[in-house]
2 protein chains.
Amino acid sequence: MLDRAEPARRPWDEEPPPAEPGGAPGGQAAPGEWPLRPAAVELCLFTVAPHPEDARDALQVVLVRRGAPPFRGWWALPGGLLRPDESLSQAAARELAAETGVIGAHLEQLASFGDPTRDPRGTVSVVYLALVAAARVQLRAAAPATEAAWVPVDQLTRVPLAFDHAAILALAVERLRSKLKYSNIAFELVPARFTLRQLYRVYLAILDRGERQLPFSNFVRTFGRLAEGSVDDGFGRAPPLRVVGEARADGPGRPARLYEFVGRPGDERREFYRW
Amino acid sequence: MLDRAEPARRPWDEEPPPAEPGGAPGGQAAPGEWPLRPAAVELCLFTVAPHPEDARDALQVVLVRRGAPPFRGWWALPGGLLRPDESLSQAAARELAAETGVIGAHLEQLASFGDPTRDPRGTVSVVYLALVAAARVQLRAAAPATEAAWVPVDQLTRVPLAFDHAAILALAVERLRSKLKYSNIAFELVPARFTLRQLYRVYLAILDRGERQLPFSNFVRTFGRLAEGSVDDGFGRAPPLRVVGEARADGPGRPARLYEFVGRPGDERREFYRW
DNA sequence: CCAAAAGTGTTTTTCATACACCCATGC
DNA sequence: GCATGGGTGTATGAAAAACACTTTTGG
């Protein structure tokens, strides 16, 4: 079996299978032999906002305090058990709204965690990476009963986290950093209309770099080019950025152009930046 | 709550939480209100091997025939329910060995699927991407009771698949293609000692390209460079490839060098190839 | 005028691509 | 010899990086 030398078995030349099972009988959940491992979702919700202690911007994540055992009173990622009638992304959005009040954040699946020692109840957690612009967070006034807080990722080592959430967060931060290189993910962390300086700050905060390592002038050129090209270039794609006006100057210095992201969030950029 | 203007709440300045719950009481699995959604693992095991009809190599995937409802008699991805005492990757390795006899394949998590309509039992599937060199498959003689077959991915549209497995496979193929660009994943699909021509064939098969679109001579230069550099360059990493000899000529033409991959499979390449 | 922020010009370097060409083997 | 497959040399063009410099605002 599976020996490549055996007489060829060709599923693609067979006749179609017997019948379509819709809600066919006989398929119950219970395996009988072992207890089931329940599925849950958890969220790593990030934003980039002024650091509470430093002067610069910082990547921050939402933590909630657990109100029930295990790990009662500990800080943890928001999340909860998956319900019978919802998809994973629906559950993620529901838990995010319920525990933090944030609605409409960008959501994408990060990974799943199912080590049997991670949770005494044997839970398998599907973890979502969520991103929201800092400006949008203030608007949410719908406060649930949960205690929630933003924590800069450089302070995470000082906060004991429940379950394996410290490891999950480490992976989330790593993924976020690497996706900056080849995806449009950063546009989820700035307001709908933004200056290139704002976008630049997001890159600096997430990559934890100084202005020296990533000169602003080159950054502007690179991202400014994303607004060039015709709206329909016939073969490729339309430019993902559009100039929509000028920001008013709120201090000294020349006012910046305002941009709008008009590409699809899931799209990967063909370009690859080494930073 | 979560308003950034509220009086600062600083989890990282708090005293540590009360006590560590090891196997603390009170944490049982039952939520009481809804039935649990069980967790399972499924596998997309790929190899690159001669196409059964064409002359060229082809990317192929393992399918198994389901012996129980739902979808009894249909072709499906190998997989099964997660057991209480195992991690996700252990379950993936166990199911792979049980259903296909393949041991020691490269395993990495692909994504999880939990749409409530995907399975009448409400299963949430954590799907693994698995890769194995074709030369290693023949060696497995431990044949289980399951019926299994290799199917070239270009024939998948002709095979009706159980559940949402067609969508899962589409994602897996897309991920495999995109990871070729920036990861060391292709080395999992060639023998331990390989020629650059063998590696080249893997790239052509997965990307579904001809020799024109990706000239062999440039491929050789690019990957040959991966074997250059000192073993310890002090700051960066050691070269991920090493020349280990010459292949004997089994036909006309100059014999090729044999290479060995000595990097870590999970490592991402700093280089980014556009093909 | 000066400082600060936004953005451009210009050069250098790096690197992917293309393709001509040479090398080593079997027949 | 000639065909076949393995590899290198070299030119070209597109950007990424480095950095000087101009533009536009507030004080």
Side-chain angles (χ1 to χ4, degrees), chain A residues 55-57 180-182 190 193-204 207 209-229 233 236 239 241-259 269-275, chain B residues 55-57 180-182 190 193-204 207 209-229 236 239 241-260 269-275:
Chain A
R56 55 204 176 77
D57 281 356
L180 275 194
K181 296 193 202 339
Y182 60 87
V190 290
R193 318 172 100 228
F194 56 91
T195 67
L196 292 185
R197 174 71 69 173
Q198 286 177 292
L199 191 64
Y200 176 63
R201 274 202 241 271
V202 166
Y203 273 81
L204 289 189
L207 298 175
R209 296 266 154 72
E211 300 225 1
R212 290 294 154 77
Q213 286 131 353
L214 172 50
F216 179 63
S217 59
N218 286 337
F219 183 93
V220 165
R221 188 187 336 259
T222 301
F223 281 85
R225 269 205 287 259
L226 294 183
E228 292 167 11
D233 56 356
L241 284 191
R242 188 165 51 193
V243 179
V244 291
E246 289 235 326
R248 54 160 180 62
D250 60 348
R254 171 173 165 181
R257 294 176 198 149
L258 279 175
Y259 288 82
R269 281 202 303 264
R270 185 182 143 84
E271 305 81 27
F272 183 82
Y273 306 123
R274 279 171 173 72
W275 349 301
Chain B
R56 55 204 176 74
D57 281 357
L180 276 194
K181 297 193 200 341
Y182 60 88
V190 291
R193 319 172 101 228
F194 55 93
T195 67
L196 293 185
R197 173 70 71 172
Q198 288 177 291
L199 191 65
Y200 176 63
R201 274 202 241 273
V202 166
Y203 272 81
L204 289 190
L207 299 175
R209 295 260 153 70
E211 300 225 0
R212 291 292 153 76
Q213 287 131 354
L214 172 50
F216 179 64
S217 59
N218 287 338
F219 183 92
V220 164
R221 180 178 356 246
T222 302
F223 281 86
R225 269 206 286 259
L226 293 183
E228 293 167 10
L241 285 191
R242 189 165 51 192
V243 180
V244 291
E246 291 235 326
R248 53 161 180 64
D250 59 347
R254 171 173 163 181
R257 296 175 197 150
L258 279 176
Y259 287 82
E260 201 173 50
R269 284 203 302 264
R270 185 182 141 86
E271 306 82 26
F272 183 83
Y273 307 123
R274 278 170 174 74
W275 349 300

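Reckoned from all heavy atoms, side chains included, excluding hydrogens, waters and symmetry mates. Fair warning: this is a prediction, and the values are worked out from it, not measured in the lab. Per chain, numbering begins at 1; letters A, B, ... match sequence-line order.
- Listed for the B:R197 side chain is no donor-acceptor partner under 3.5 Å among the backbone atoms of B:A256.
- Here A:R248 lies out of heavy-atom contact (under 4.0 Å) with every strand.
- The nearest whole Å value for the distance from the CG atom in A:N218 to the P atom in C:dT13 is 16 Å.
- Both A:S217 and A:R254 lie near DNA chain D, and the one whose nearest nucleotide falls closer to the 5' end is A:S217.
- Ring centroids of B:Y259 and B:F223 are separated by 6.0 Å or more, keeping the two rings apart.
- Nearest to the side-chain atoms of A:A256 among the listed nucleotides C:dG26, C:dA3, C:dG7 stands C:dG7.
- With hydrogens and angles disregarded, a donor-acceptor distance shorter than 3.5 Å links the side chain of B:R193 to the backbone of B:V244.
- In this structure, A:Q213 places its CD atom 17 Å from C1' of D:dC19, rounding to the nearest Å.
- In this entry the distance linking CZ of A:F219 with C1' of D:dA18 reads 17 Å, nearest Å.
- Following rounding to the nearest Å, B:E246 (CD) and C:dC23 (P) show an atom-to-atom distance of 16 Å.
- Following rounding to the nearest Å, B:R221 (CZ) and C:dT14 (C1') show an atom-to-atom distance of 14 Å.
- Whole-Å rounding puts the B:L226 CG to C:dC15 P distance at 13 Å.
- OP1 or OP2 of C:dA16 sits under 4.0 Å from a side-chain N or O of B:R225.
- One interatomic measurement links the two molecules: CG of B:L196 to C1' of D:dG5, which rounds to 13 Å at whole-angstrom precision.
- One atom, CZ of A:F216, and another, P of D:dA18, lie 17 Å apart when rounded to the nearest Å.
- The aromatic rings of A:Y203 and A:F219 sit perpendicular, their planes meeting at an angle over 60°, well past the 30° parallel limit.
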